[in-house]
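Below is one structure, written out as structure tokens; the observations come after it.
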Amino acid sequence: MTGPNPAATSQGEYEATLQTRKATRRGGGDPAARGRTTIADGVVEKIAGLAARDVPGVHAMGGGLSRTLGAVRDRVPGGAKSVTRGVKAEVGEVQTALDLEIVVVYGVSIGDLARAVRENVIAAVERMTGLEVVEVNIAVSDVKLPEEEEEEHEPRIQ
């Protein structure tokens, strides 16, 4: 809006003019209720994957085969680390359900870790999307032992 109306002779008249403009706003109703917002499964999967990885004691996400394929994909130049690995989401209009597959660090209480992962994932997804998380199913597919080294492949070309 521009400055005061030249026809308005006082601040009071200017404010009355602004109130009249606000009252005659077109469309009526709450602007937030004008239209729909949809959230893709992949968006919820990314949020949940990042939130699960943030919990100490989670070594990796996904099962053996998906981790192996992901490791190969991560090594390809320009390839990005998949934050959705080990995460599956079903998203409805107001609710979502999640399935997570995790690898835990040896020595960590799996029950306590699962509880912490659920809390972190639910808080992140509900805060960012506004969706109600109805369930977070966690499958522990492996345990990272202390003597296991990360798979380091020798480069083929020196």
Side-chain angles (χ1 to χ4, degrees), residues 1 18-19 21-23 25-158:
M1 288 186 211
L18 287 178
Q19 289 301 324
R21 287 182 186 161
K22 288 180 184 174
R25 182 178 57 187
R26 300 194 194 285
D30 180 19
R34 295 185 203 172
R36 281 182 27 195
T37 301
T38 58
I39 300 171
D41 293 359
V43 171
V44 175
E45 289 169 355
K46 283 183 180 182
I47 295 167
L50 288 171
R53 283 173 176 79
D54 282 345
V55 178
V58 174
H59 173 70
M61 301 286 296
L65 181 59
S66 71
R67 285 196 332 266
T68 301
L69 292 175
V72 170
R73 205 173 320 126
D74 293 346
R75 294 183 196 289
V76 173
K81 192 168 195 156
S82 174
V83 295
T84 61
R85 185 182 315 138
V87 183
K88 177 68 179 135
E90 293 180 33
V91 180
E93 289 187 26
V94 294
Q95 295 179 324
T96 186
L98 295 154
D99 294 321
L100 306 177
E101 190 172 358
I102 65 173
V103 177
V104 302
V105 174
Y106 178 80
V108 174
S109 166
I110 293 174
D112 292 344
L113 179 63
R115 191 172 8 269
V117 168
R118 272 191 193 91
E119 289 173 0
N120 208 36
V121 167
I122 290 169
V125 170
E126 288 184 347
R127 178 179 50 82
M128 291 184 69
T129 66
L131 295 168
E132 176 191 6
V133 178
V134 293
E135 68 181 10
V136 177
N137 299 312
I138 298 174
V140 178
S141 62
D142 202 358
V143 175
K144 168 70 169 80
L145 300 175
E147 65 271 1
E148 289 180 347
E149 293 296 321
E150 290 296 316
E151 293 180 20
E152 290 295 323
H153 297 287
E154 288 291 320
R156 293 177 61 183
I157 301 173
Q158 300 259 349

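Everything numeric here is computed off the predicted structure, so don't read it as measured data. Side chains are part of it too, since the values below use all heavy atoms of this structure and drop only hydrogens, waters and symmetry mates.
- Residues V121 and A51 come closest through the heavy atom pair CA-CB, 3.9 Å.
- With values rounded to the nearest 0.5 angstrom, E101 atom CD is found 11.5 Å from I138 atom CD1.
- Residue pairs meeting the side chain to side chain donor-acceptor pair (under 3.5 Å) criterion with at least one partner in residues 36-45, sequence neighbours excluded, do not occur; the list is empty.
- Taking CD1 of I102 as the reference point, atom NE2 of H59 lies at 12.0 Å (rounded to 0.5 Å).
- A heavy-atom distance below 4.5 Å is not found between the side chains of V104 and V58.
- Shown here for G49 and V87, the closest heavy-atom pair between the two residues is CA-CG2, 3.7 Å.
- The side chain to side chain donor-acceptor pair (under 3.5 Å) pairs that include a residue from residues 121-140 are Q95-E132, D99-N137, E135-N137, where partners are two or more places apart or lie in different chains.
- In this structure the side chain of T96 never reaches within 4.5 angstrom of the side chain of V134, judged on heavy atoms.
- Inter-residue side-chain proximity for R53 and M61 is flagged as met; some heavy-atom pair is nearer than 4.5 Å.
- Within the structure, the salt bridge (Lys or Arg N to Asp or Glu O under 4.0 Å) test picks out the following pairs touching residues 103-117 (sequence neighbours left out): D112-R115.
- Within the 4.5 Å cutoff, no side-chain heavy atoms of V103 are placed close to those of V143.
- The backbone N or O of G62 sits less than 3.5 Å from a side-chain atom of S141, completing a donor-acceptor pair.
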